[in-house]
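Below: the structure, in structure tokens.
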Amino acid sequence: MIDLSKRLLRQVGQTNARYKMIEGGDKVLLGLSGGKDSLALAHVLKHIQNVTPEKFEFKAVTLSYGMGEDYAYLTKHCNEHGIEHEVIDSSIFEISKEKIRKNSSFCSFFSRMRRGYLYTYALNHGFNKLAIAHHLDDAAESFFMNFTYNGALRTLAPKYKAKNGIVVIRPFIFVRERQLRENAIKNELRVVGDEACPAMRFDVKMPHARYETKQLLANLEKENPKLFTSLKAAFENIHTDTFFGINEGSEE
């Protein structure tokens, strides 16, 4: 078992209790990319499974894009720590060659395809929940990107039910990314980095919006160290009647 920080476990425990993310009898599927975030979540879910009185099943699956990836080391790591793991083969990379045009954005395409494969696997194997390792930084970045580029005020929900009936949960939604980075370093975890990004194989425009948003938030946090504390509170304190909707607003 790797050395998980008490703070990380406490945060996930509080999030789990508040949103009832994992309950007795659940079958939880984890999308395990092999990055620092999802690998940490695999170990946290295993810890919860070991200590909680309410029994649940969980399995980690890694989606191969069909680029010749070798995930043998990841399966070995999971086996060593008692984490059930499987690699799902796909033809997403080949399909994307026809679907993605030169100089076009590809992130949303791969995200939709990846989520589709995970949903299908979950439905076909009796899983009722899908765990994703998004953290508070992801939620903040999504919020800023949505209102900057899409003209919408939205972010990542801690828990929601998809149209197909699968419940998507984000146990790390109150966790900072730096905590997960520190976890990987402390435990000397081998993690997948940007080298596995399919963009490296394409003549397409590299994603800039998220990088620029991440830099913006980093600069804002330097000026205001409590920025993410305020953002978290703001996501829970939404005054919809003060926006430009069909109802009359109120600023009292």
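The analysis underlying the following values was restricted to heavy atoms, covering all of them including side chains, and did not include hydrogens, waters or symmetry mates.
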Within 45 degrees of the axis of the six-membered ring of F58 and under 6.0 Å from its centre: does K27 put its NZ or CZ there? no
Joint cluster assignment, F147 & L227, ILVMFWY side-chain distance < 4.5 Å: yes
Looking only at side chains, do Y119 and K163 share a donor and an acceptor under 3.5 Å apart? no
On a heavy-atom basis, which atom in A131 and which in V28 lie closest, and how many Å separate them? CB-CG1, 3.9 Å
Would you please name every residue forming a side chain to side chain contact (heavy atoms under 4.5 Å, CB included) with A60, sequence neighbours left out? L30, L32, I83, H85
Audit row: D3, N183, side-chain contact (heavy atoms from CB on, under 4.5 Å) steps and yes/no: CA-CA 8 Å; D3 183 14; N183 174 73; over 6 Å; no
From the list L130, L29, L118, T120, side-chain contact (heavy atoms from CB on, under 4.5 Å) partner of I166 resolves to L130
Are any of the side-chain nitrogens in E177 or K214 under 4.0 Å away from the carboxylate oxygens of its partner? yes
Residues in side chain to side chain contact (heavy atoms under 4.5 Å, CB included) contact with E212, at least two apart in sequence or another chain: Y149, H208
Could you go through the side-chain contact (heavy atoms from CB on, under 4.5 Å) check for F172 and T15 one step at a time? CA-CA 8 Å; F172 281 168; T15 304; over 6 Å; no
Distance, nearest 0.5 Å, that separates CG of D89 from CG of L63: 8.5 Å
Once rounded to the nearest 0.5 Å, what's the spacing between atom CD of E86 and atom NE2 of H125? 6.0 Å
Between H47 and H43 (judged by ring centroids, cut-off 6.0 Å), do the two rings come close enough to count as a pair? no
Any cation-pi pair here, K159 with Y19, using under 6.0 Å and within 45°? no
D241 and H239 side chains, donor-acceptor separation under 3.5 Å: no
Supply the atom-to-atom distance L4 CG to I2 CD1, rounded to the nearest 0.5 angstrom. 4.5 Å
Do R7 and E182 sit within salt-bridge range, that is, some charged N less than 4.0 Å from a carboxylate O? no
For the hydrophobic clusters of this structure (ILVMFWY residues joined by side-chain heavy atoms under 4.5 Å, transitively), does one cluster hold both L41 and V51? no
For the residue pair E69 and S64, confirm or rule out a side-chain donor-acceptor distance under 3.5 Å. yes
L123 and I88: same hydrophobic cluster, using ILVMFWY side-chain contacts below 4.5 Å? yes
Establish, from distance only, whether the side-chain atoms of Q179 and Q11 form a donor-acceptor pair under 3.5 Å. yes
For the atom pair CD1 (I173) and NE2 (H134), what is the distance rounded to the nearest 0.5 Å? 8.0 Å
side-chain contact (heavy atoms from CB on, under 4.5 Å) between D37 and L39, intermediate numbers included: CA-CA 6 Å; D37 307 332; L39 192 55; over 6 Å; no
As an exercise, state the distance from CE of M145 to CG of D138, rounded to the nearest 0.5 Å. 10.0 Å
Under a 4.0 Å N-O cut-off, is there an ion pair linking K226 with E221? no
Kindly indicate whether a cation-pi arrangement holds for R154 with F143, taking the cut-offs as under 6.0 Å to the six-membered ring centre and within 45° of the axis. no
Let me see the working for E236 and R18 under salt bridge (charged side-chain N to carboxylate O under 4.0 Å, His left out), right down to the final yes or no. CA-CA 13 Å; E236 301 173 289; R18 178 171 181 177; 2.4 Å; yes
Is there a path of hydrophobic side-chain contacts, each under 4.5 Å between heavy atoms of I/L/V/M/F/W/Y residues, joining Y73 to L189? yes
What is the distance from atom OG1 of T155 to atom CZ of F144, rounded to the nearest 0.5 Å? 10.5 Å
